[in-house]
Amino acid sequence: MVVIALYPVLWMVVSSLRPDGSIFTDSGIFLDTFATENYTNGWNALSQPFSTYLVNSGIVVLGAIIGNLVTCSMAAYAFARLSFRYKKTAFSIMLVTIMLPIHVVIVPQYVIYAQLGWINSFLPLIIPKFLATDGFFIFLMVQFIRGLPRELDEAARIDGAGHARTFLQIILPLMTPALATTAIFTFIWTWGDFFTQLIFVTDPDLYTVPVALRAFIDAQSESSYGSLFAMSAVSIVPVLLAFTFGQRYLIRGIATTGGK
């Protein structure tokens with residue numbers, strides 16, 4: 001089953017090393033010739049070197065990760081440990097946002113960002129992350145914090161710690177698996193996000209990797225699938241590295257409750 005699932009990816013990588021004329025005439029994954037020029041041509045096929053689009057995606061991903069880690073963890077602590085009016089109502093509304101597809105909110109978002117003058121910049125892709133807009137990660141961290149013994153909070157309160165100190169020095173260090181899971185998922189989802197980045201970023205020099213790959217075909221007088229597959233192979237390397245090195249944290253963050 002793993003071989004079947006990975007076969008399209010393997011075929012894409014192998015096809016990136018084939019001449020364009022033989023890509024769709026051979027469905028196998030064994031090479032007769034190596035067309036390494038696909039990588040050279042693909043790297044310089046657009047108005048900017050492909051490294052520019054990798055850097056643009058890196059900026060968006062880094063901003064999204066920092067925003068989610070900071071604000072989602074704070075919101076999760078508030079829902080899990082604080083008592084305030086309409087807490088259950090607010091938590092229910094937060095859960096409802098998880099169920100809303102992006103296509104429902106993209107139009108009002110675009111109107112708001114256009115009025116703020118944020119269109120054609122990275123701001124619509126980064127700033128919302130600093131407002132705890134990803135309900136899934138809030139819910140994930142809330143469940144994790146609820147699994148931590150409340151005696152830790154009480155001991156900190158006896159020592160004179162307030163909520164800020166309790167969160168920063170007691171709860172946050174214990175949330176490493178949940179924070180790592182949030183960082184990995186944010187990286188993968190943001191790196192591969194095509195729709196929102198296509199809507200909000202229109203300057204070719206600001207294209208992220210998914211949008212650049214789409215523009216890749218449009219930029220050619222005739223479709224150069226070898227170069228396209230070569231840059232697609234390059235674009236999946238960061239995702240593979242992130243998942244490989246963060247897999248154990250990902251499993252711990254989802255499977256554990258935080259109690260030891």
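All figures in this text were calculated on a predicted structure; none of them were measured in a lab.
Distance check: Leu179 CG to Leu172 CG gives 5.5 Å after rounding to the nearest 0.5 Å. Summarising the geometry, atom OG1 belonging to Thr166 is positioned 10.0 Å from atom CG belonging to Leu152; distances are rounded to the nearest 0.5 Å. Between atom CD1 of residue Ile93 and atom CD1 of residue Ile98 there is a gap of 13.0 Å, rounded to the nearest 0.5 Å. Note that the CZ atom of Arg18 and the CZ atom of Phe229 stand 10.5 Å from one another [nearest 0.5 Å]. Taking CD1 from Ile59 and CD1 from Ile126, the interatomic distance works out to 7.5 Å, rounded to the nearest 0.5 Å. Atom OG1 of residue Thr182 and atom CG of residue Asp134 lie 9.0 Å apart, to the nearest 0.5 angstrom.
The two residues Met141 and Ala76 make their nearest non-hydrogen contact at CB-CB, 3.4 Å. In plain terms, the two heavy atoms of Val239 and Ser235 that are nearest each other are CG2-O, 4.4 Å. Taking all atoms of both residues into account, the shortest heavy-atom contact from Leu228 to Leu213 is CD1-O, 3.6 Å. A pairwise comparison of heavy atoms in Ser73 and Met175 identifies CB-CE, 4.2 Å as the closest pair. In plain terms, the two heavy atoms of Ala132 and Ala75 that are nearest each other are CB-CB, 4.2 Å. When every heavy atom of Leu46 is checked against every heavy atom of Ala215, the shortest pair comes out as CD2-O, 3.9 Å.
Using the six-membered ring where Trp is involved, Phe136 and Phe185 have ring planes that are perpendicular, over 60° apart on the 30 and 60° scheme.
Side-chain contact of Thr186 with Asn68: a donor-acceptor pair under 3.5 Å is present, judged by distance alone. Thr202 and Asn120 share a side-chain donor-acceptor pair at under 3.5 Å.
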Requested in this report: Under the side-chain contact (heavy atoms from CB on, under 4.5 Å) rule, what do Thr208 and Val201 come out as? Steps first, then yes or no, please.
Outcome: CA-CA 8 Å; Thr208 56; Val201 178; 5.6 Å; no
Query raised in the report: Could you walk me through whether Asp153 and Ile171 pass the side-chain contact (heavy atoms from CB on, under 4.5 Å) check?
Result: CA-CA 8 Å; Asp153 303 51; Ile171 302 299; 3.8 Å; yes
Report task. List the steps, then state whether ring pair (Phe, Tyr, Trp, His ring centres under 6.0 Å) holds for Tyr53 with Trp43. Result -> CA-CA 10 Å; Tyr53 311 119; Trp43 193 268; 9.5 Å; no
Report task. Kindly indicate, with the supporting measurements, whether the criterion side-chain contact (heavy atoms from CB on, under 4.5 Å) is fulfilled by Ile106 and Gln109. Result -> CA-CA 5 Å; Ile106 195 67; Gln109 283 181 352; 4.0 Å; yes
Query raised in the report: Please walk me through it: do Phe50 and Asn44 pass side-chain contact (heavy atoms from CB on, under 4.5 Å)?
Result: CA-CA 6 Å; Phe50 202 76; Asn44 301 293; over 6 Å; no
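In this structure, the side chain of Thr36 does not engage the main chain of Leu17 through any donor-acceptor pair within 3.5 Å. Remark: side-chain polar atoms of Arg81 are paired, donor with acceptor, to backbone N or O of Ile145 under 3.5 angstrom. Under the 3.5 Å distance criterion, the side-chain polar atoms of Asp159 are left unmatched by any main-chain donor or acceptor of Ala161. The closest donor-acceptor contact from the side chain of Lys87 to the backbone of Phe79 lies under 3.5 Å. In this structure, the side chain of Thr133 engages the main chain of Pro128 through a donor-acceptor pair within 3.5 Å. Looking at Thr176, its side chain does come within 3.5 Å of a backbone N or O of Pro173 through a donor-acceptor pair. In this structure a side-chain-to-backbone donor-acceptor pair under 3.5 Å is present from Ser57 to Val209. Using a distance-only test at 3.5 Å, with no hydrogens or angles considered, a donor-acceptor pair links the side chain of Gln197 to the main chain of Thr190. A distance-only check finds no donor-acceptor pair linking the side chain of Thr52 to the backbone of Gln48 [under 3.5 Å]. The backbone N or O of Ser16 lies less than 3.5 Å from a partner atom in the side chain of Asn38, making a donor-acceptor pair.
Around the CZ atom of Phe84, the shell of radius 6.0 Å holds more than 12 heavy atoms that belong to other residues, nucleotides or ligands. Shown here is Phe194, whose CZ atom has more than 12 heavy atoms of other residues, nucleotides or ligands within 6.0 Å. Environment of OH in Tyr39: crowded, with over 12 heavy atoms of neighbouring residues, nucleotides or ligands closer than 6.0 Å. Remark: Met12 CE is packed, more than 12 non-hydrogen atoms of other residues, nucleotides or ligands lying under 6.0 Å away.
Put simply, Val107 and Tyr110 are part of the same group of oily side chains (I, L, V, M, F, W, Y) that touch within less than 4.5 Å, one to the next. The hydrophobic cluster containing Leu240 also contains Ile184, counting ILVMFWY residues as joined when their side-chain heavy atoms lie under 4.5 angstrom apart, directly or transitively. Leu241 and Met231 fall into different hydrophobic clusters, where Ile, Leu, Val, Met, Phe, Trp and Tyr residues are linked whenever their side-chain heavy atoms come under 4.5 Å apart, directly or through other members. Tracing side-chain contacts under 4.5 Å through hydrophobic residues (I, L, V, M, F, W, Y), one reaches Leu82 starting from Met94; they form part of the same cluster. Under the 4.5 Å side-chain contact rule for hydrophobic residues, Phe245 and Ile65 do not share a cluster.
Taking 4.5 Å as the limit, some side-chain heavy atom of Phe130 sits within range of a side-chain heavy atom of Ile66. Phe195 has its side chain within reach of His103: a pair of non-hydrogen atoms, C-beta onward, lies under 4.5 Å apart. Inter-residue side-chain proximity for Pro238 and Trp191 is flagged as met; some heavy-atom pair is nearer than 4.5 Å. Contact annotation: the side chain of Asn56 never approaches that of Val211 to less than 4.5 Å [non-hydrogen atoms, C-beta and beyond].
For Phe137 and Trp189, the distance between ring centers is under 6.0 angstrom.
Geometrically, Arg146 engages Phe91 in a cation-pi contact defined by less than 6.0 Å to the ring centre and at most 45° from the axis.
Every residue was checked against the side-chain hydrogen bond (donor to acceptor under 3.5 Å, both in side chains) condition with Ser121, not counting sequence neighbours, and none meets it.
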